[in-house]
Amino acid sequence: MAEAINQVIDGYWEDKIEEREMIRLLRDILENNDSLIYKNDDFTTILRQRCGKRRLEIVSKIRQSGY
């Protein structure tokens, strides 16, 4: 999951994908892999280590917007 999240966000940062596409892709990842991303309503340790704070802030904002 971390690799997929990193690829999507990095693609946006590198102007390879549009913001709407990034949001759609991240929402799909979150919807279909919730149990692999969150544990006790927080990001899993592995995800925090591999994605980093900046990327997970983006994921949190998308989650809060109600995916």
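In what follows, every heavy atom counts, from backbone to side chain, and hydrogens, waters and symmetry copies are set aside.
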What distance separates [X] [atom1] from [Y] [atom2], expressed to the nearest 0.5 Å?
X     : Y     : atom1 : atom2 : result
Ile9  : Leu25 : CD1   : CG    : 10.5 Å
Asn33 : Glu31 : CG    : CD    : 10.5 Å
Ser60 : Lys53 : OG    : NZ    : 11.0 Å

**Request:** Verify side chain to side chain contact (heavy atoms under 4.5 Å, CB included) between Arg48 and Asp42, making sure each step is shown before the conclusion.
**Result:** CA-CA 10 Å; Arg48 279 188 267 132; Asp42 195 11; 4.2 Å; yes
**Item:** Pairing of Arg54 and Glu57 as salt bridge, 4.0 angstrom limit
**Value:**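 No salt bridge links Arg54 with Glu57.
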**Message:** Looking at Glu18 and Arg20, is any side-chain nitrogen of the basic one under 4.0 Å from a carboxylate oxygen of the acidic one?
**Reply:**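 Glu18 and Arg20: not salt-bridged.
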Exercise: identify the closest heavy-atom pair between [X] and [Y]:
X     : Y     : value
Leu30 : Ile62 : CD1-CG2, 4.2 Å
Ile58 : Met22 : CG2-CE, 4.2 Å
Tyr38 : Val59 : OH-CG1, 3.9 Å

Within the supplied structure, the quantity of interest is the number of heavy atoms (other residues, nucleotides, ligands) at a distance under 6.0 Å from [X] [atom1]; does it exceed 12?
X     : atom1 : result
Ile46 : CD1   : no
Arg50 : CZ    : no
Phe43 : CZ    : yes

**Item:** side chain to side chain contact (heavy atoms under 4.5 Å, CB included) partner of Arg55, the single match among Asn6, Val8, Leu47, Leu26
**Value:**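 Considering Asn6, Val8, Leu47, Leu26, a side chain to side chain contact (heavy atoms under 4.5 Å, CB included) with Arg55 is found only for Asn6.
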